[in-house]
**Q** 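One structure is given below, represented as structure tokens, and several questions about it will come after.
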Amino acid sequence: MPKSRIRKKADFTPPPSSKQATSIKLTNRSWVAPVMLALFLIGLAWIVVFYVTDGSLPVKSLGNWNIVVGFGFIAGGFAVSTQWK
């Protein structure tokens with residue numbers, strides 16, 4: 001069986017562009033990690049204080065909704081964590 005000829009393909013060269021690459025400036029997001037951790041810890045502390053004090057603290061009038069408030073802080077920490085780069 002005869003061998004087929006190998007065709008040489010030209011290397012791809014991108015077309016010349018008059019545009020220059022624009023640099024992306026990232027904003028300083030050094031605030032994200034401390035705020036995220038603070039919200040996590042506040043939410044955790046809120047829930048722990050509620051359980052340890054048998055519901056008399058942090059806000060007695062909220063009753064069991066104190067758990068929702070604590071998880072709200074934790075959810076806020078997760079929301080802030082999406083801004084972390």
**Q** If you define the side chain from C-beta out and look only at heavy atoms, does anything of V59 sit under 4.5 Å from W65?
**A** no
**Q** Is L41 reachable from V68 through a run of hydrophobic residues whose side-chain heavy atoms are each under 4.5 Å from the next?
**A** no
**Q** Evaluate the side-chain proximity of F71 to L44: yes if any heavy-atom separation is below 4.5 Å, no if none is.
**A** no
**Q** Under 4.5 Å between side-chain heavy atoms, counting indirect links through other Ile/Leu/Val/Met/Phe/Trp/Tyr residues: same cluster for F78 and I42 or not?
**A** yes
**Q** What's the shortest heavy-atom distance between S81 and M36, and which atoms?
**A** CB-SD, 3.1 Å
**Q** Assess whether side chain to side chain contact (heavy atoms under 4.5 Å, CB included) is satisfied between N64 and F50, documenting all intermediate values.
**A** CA-CA 9 Å; N64 286 335; F50 173 71; 3.4 Å; yes
**Q** Are L62 and I67 in one and the same hydrophobic cluster, where Ile, Leu, Val, Met, Phe, Trp and Tyr link if side-chain heavy atoms are under 4.5 Å apart?
**A** yes
**Q** What are the two closest heavy atoms between I74 and I47, and how far apart are they?
**A** CD1-CD1, 4.3 Å
**Q** Please tell me whether W31 and F73 are part of a single hydrophobic cluster in this structure, the criterion being side-chain heavy atoms less than 4.5 Å apart.
**A** yes
**Q** Is the shortest heavy-atom distance from the side chain of P58 to the side chain of N66 under 4.5 Å?
**A** yes
**Q** Taking side chain to side chain donor-acceptor pair (under 3.5 Å) as the cut-off, I'd like each qualifying pair that reaches into residues 48-61, sequence neighbours left out, listed once.
**A** none
**Q** Closest approach of R29 and Q83, non-hydrogen atoms and distance?
**A** NH1-O, 3.0 Å
**Q** Among Ile, Leu, Val, Met, Phe, Trp and Tyr joined by side-chain contacts under 4.5 Å, find the other residues sharing a cluster with V49 and list them by chain and number.
**A** L57
